[in-house]
Amino acid sequence: MRITSVDYKIPAVIAAAALLAGCGGPADAPEAAAPEEAPAAQVETPSTAADLLNTILADQPEDAQARYPFRNPGETLKFFGIEPGMTVVEALPGGGWYSKILIPYLGSEGQLVGVDYAMDMWPLFGGMSEEAIEARKTWTTTWVEGTGEWGEGASVSAFVFGSADETVSETADAVLMIRALHNLNRFEPQGGFRTQALTDAFDVLKPGGVLGIVQHRAPADASDDWADGSNGYLKQASVIEAVEAIGFELVESSEINANEADQPTEDDFVWRLPPTLGTSRDDEALRAEMTAIGESDRMTLKFRKPEASSGD
C-alpha cells in the first residue's frame with residue numbers, strides 16, 4: 001500500500017484521542033455498561049517524525065532501497081535536521097530519488113522546491129542536441145508536473161540557478177545539494193556557476209537555515225586539475241572553502257556516507273562505480289570488482305546561514 005499525506009496527519013489523530021480520553025466522568029457514566037463491541041480494525045499510524053520517515057523509506061521501490069546502504073537517506077535527512085512541514089530546496093532533483101522521499105515526508109504543510117542548472121550551462125556539457133537543450137527551457141513546468149506521479153504531500157515548485165526572484169528570498173528552512181556540486185564546480189571558470197548556485201542557496205534560506213551537502217570525495221592528495229569535478233570528485237577542503245566564501249558557517253561534518261573501499265586514482269572517474277558502472281558493461285570481472293566497491297566515498301557537510309544580527 002502506498003502511503004499518502006492523509007495517513008501522516010498524526011497530531012490531529014493524537015489530539016482527538018486525547019480529547020476523547022478526557023471526556024466524561026462519574027456523573028456521565030451510564031447505569032449499566034453497554035455490551036462491548038468488537039474493536040474496529042486498527043491502522044498503524046507513525047507516531048513520530050522518525051517513524052514516519054522509516055515508513056516512507058520502507059515504501060520505496062526495491063531498486064531505490066538497494067541504494068540505501070550507500071546513500072543512507074534516513075540518517076542523512078536526520079543529520080541535516082529535515083522535518084515534516086519544512087520548506088526544502090533540492091538542487092538537481094532529476095528523476096526524484098530523494099524527492100519521492102521528501103514529498104510525503106514534508107507533508108501537506110511542507111514545500112519542496114526543485115532547482116536545475118542555469119540554461120547557459122547546458123551547452124558546456126557537449127554532446128547535447130539543440131532539441132534537448134531547448135527542452136530544458138520548460139523544465140520548471142515539466143518537472144513539477146511529473147512530481148504529481150510521486151504521491152501526495154508537500155506542494156512543489158521549481159526554478160533554475162540564477163533566476164530565483166524575491167518571492168523565494170529567505171523562505172527555505174534547508175537547501176540540499178546531494179551529489180550536485182561537481183558539474184557546477186567544473187564549469188565555474190566558464191560562468192561562475194558554482195558561485196551562483198551557492199549564492200542562490202544563501203539567499204533563499206532563512207537566517208539560521210541549513211545547507212546540506214553530500215558530494216563524491218576526492219583523496220586529499222589528488223591534483224586540483226583531476227579533482228575539479230570533471231571526474232565527479234571534489235576535495236572536501238575545497239568544498240568547505242568555497243561554501244564559507246559565500247558566508248555560510250560549517251556546523252558539522254559526518255562520515256555516514258563514507259566508503260573507504262573507494263580509492264580512486266587519477267585514471268578513474270566516479271561513474272565507473274554503481275549504479276552507473278560506466279566502464280564495465282562488457283567486462284564481467286571488472287563489473288564485479290566495481291560492484292564490490294559500491295558507490296563512491298562521500299563527504300557529508302552541514303552548513304548554516306548565520307542568524308541576523310541584533311542590529312539588523
Side-chain angles (χ1 to χ4, degrees), residues 8 46 48-60 64-94 96-107 110-115 153-154 172-182 197-198 201-202 204-218 233-244 246-262 270 294-307:
Y8 301 152
T48 67
D51 291 339
L52 171 59
L53 182 55
N54 288 337
T55 301
I56 293 167
L57 291 173
D59 193 46
Q60 298 304 300
Q65 294 192 43
R67 309 262 61 86
Y68 288 0
F70 304 106
R71 300 185 178 183
N72 306 293
E75 295 89 339
T76 299
L77 293 176
K78 180 180 178 181
F79 178 71
F80 292 144
I82 308 303
E83 297 180 351
M86 282 186 168
T87 294
V88 174
V89 176
E90 183 186 1
L92 310 182
W97 198 91
Y98 256 101
S99 304
K100 293 171 185 176
I101 297 168
L102 288 166
I103 288 172
Y105 181 56
L106 296 176
Q111 297 183 56
L112 178 65
V113 184
V115 193
D173 298 289
V175 174
L176 301 180
M177 302 187 80
I178 299 178
R179 304 185 306 279
L181 271 178
H182 45 279
L198 292 174
F202 192 90
V204 302
L205 281 169
K206 302 172 183 176
V210 166
L211 169 63
I213 292 177
V214 178
Q215 180 58 46
H216 312 295
R217 178 166 51 192
Y233 293 97
L234 297 173
K235 293 183 181 181
Q236 182 163 322
S238 298
V239 170
I240 293 172
E241 180 181 4
V243 176
E244 289 183 335
I246 303 299
F248 286 100
E249 300 170 342
L250 178 63
V251 176
E252 190 177 359
S253 64
S254 173
E255 294 298 298
I256 53 178
N257 293 303
N259 179 5
E260 293 182 357
D262 178 27
V270 76
E295 295 194 23
S296 66
D297 178 49
R298 292 164 187 165
M299 65 186 88
T300 304
L301 306 173
K302 181 179 181 179
F303 296 88
R304 192 177 305 280
K305 178 177 179 176
E307 296 279 0

- side chain to side chain contact (heavy atoms under 4.5 Å, CB included) involving Ala172 - partner list, sequence neighbours excluded: Thr87, Val89, Val204, Leu205

- Return the minimal non-hydrogen interatomic distance between Ala58 and Gln65, and the atom names on each side. O-NE2, 3.1 Å

- Message: So does Asp297 get a backbone contact from the side chain of Asn259, meaning a donor-acceptor N/O pair under 3.5 Å?
- Response: no

- Item | Partners passing ring pair (Phe, Tyr, Trp, His ring centres under 6.0 Å) against Phe79 (at least two apart in sequence or in another chain) | none

- Item | Residues which pass ring pair (Phe, Tyr, Trp, His ring centres under 6.0 Å) with Tyr98, listed by chain and number, not counting sequence neighbours | none

- Query: Heavy atoms, side chains only, cut-off 4.5 Å: are Tyr105 and Leu112 in contact?
  - Reply: no

- Message: Between Asp262 and Tyr233, does the side chain to side chain contact (heavy atoms under 4.5 Å, CB included) criterion hold? Intermediate values first, please.
- Response: CA-CA 11 Å; Asp262 178 27; Tyr233 293 97; 3.0 Å; yes

- Query: Tell me, do Thr55 and Asp59 make a side-chain contact under 4.5 Å, heavy atoms counted?
  - Reply: no

- Query: Which value, rounded to the nearest 0.5 Å, describes the distance between Asn257 atom CG and Thr76 atom OG1?
  - Reply: 4.0 Å

- Message: Within this structure, what is the NZ-CD1 distance for the pair Lys235 and Ile240, rounded to the nearest 0.5 Å?
- Response: 13.0 Å

- Query: Checking side-chain contact (heavy atoms from CB on, under 4.5 Å) against Glu90, which of Leu102, Ile178, Val115, Val113 comes through?
  - Reply: Leu102

- Would you mind checking if Glu255 and Arg217 are paired as a salt bridge, meaning a charged N to carboxylate O distance below 4.0 Å? yes

- Task: Report the residues that fulfil side-chain hydrogen bond (donor to acceptor under 3.5 Å, both in side chains) with Ser238, sequence neighbours left out, ordered by chain and then residue number.
- Result: none

- Task: Answer yes or no: are there more than 12 heavy-atom neighbours, outside Lys206 itself, under 6.0 Å from its atom NZ?
- Result: yes

- Verdict with supporting geometry, His182 and Gln215, side chain to side chain contact (heavy atoms under 4.5 Å, CB included): CA-CA 8 Å; His182 45 279; Gln215 180 58 46; 3.1 Å; yes

- CD1-CZ distance between Ile256 and Arg298, expressed to the nearest 0.5 angstrom: 11.5 Å

- Query: When you measure from the side chain of Glu295 to the backbone N and O of Phe70, does any donor-acceptor pair fall under 3.5 Å?
  - Reply: no

- Using side-chain hydrogen bond (donor to acceptor under 3.5 Å, both in side chains) as the criterion, list what pairs up with Lys302, not counting sequence neighbours. none

- Between Ala197 and Met177, which heavy-atom pair has the shortest distance, and what is it? CB-CE, 4.3 Å

- Over-ring placement of Arg71 relative to Trp97, 6.0 Å and 45° cut-offs: yes

- Message: Are the side chains of Leu176 and Ile82 in contact, using a 4.5 Å heavy-atom criterion?
- Response: yes

- Any chance you could measure Leu77, atom CG, to Glu83, atom CD, to the nearest 0.5 Å? 11.0 Å

- Query: Looking only at heavy atoms, what is the nearest atom pair of Ser253 and Gln236, with distance?
  - Reply: CB-NE2, 4.4 Å

- With distance as the sole test, does Asn54 use its side chain to make a donor-acceptor pair with the main-chain N or O of Ala50 at under 3.5 Å? yes

- Query: Of all heavy-atom pairs between Leu106 and Ala154, which one has the smallest distance, and what is that distance?
  - Reply: CB-CB, 3.8 Å

- Heavy-atom closest contact (Pro306 atom, Glu249 atom, distance): CG-OE2, 3.7 Å

- Item | For the student: nearest non-hydrogen atoms of Met86 and Asp173, plus distance | CA-OD2, 3.4 Å

- Item | Val243: partners by side chain to side chain contact (heavy atoms under 4.5 Å, CB included), with sequence neighbours left out | Leu198, Leu211, Ile213, Val239, Phe248, Phe303

- Message: Once rounded to the nearest 0.5 Å, what's the spacing between atom CD1 of Ile56 and atom CD1 of Ile101?
- Response: 8.5 Å

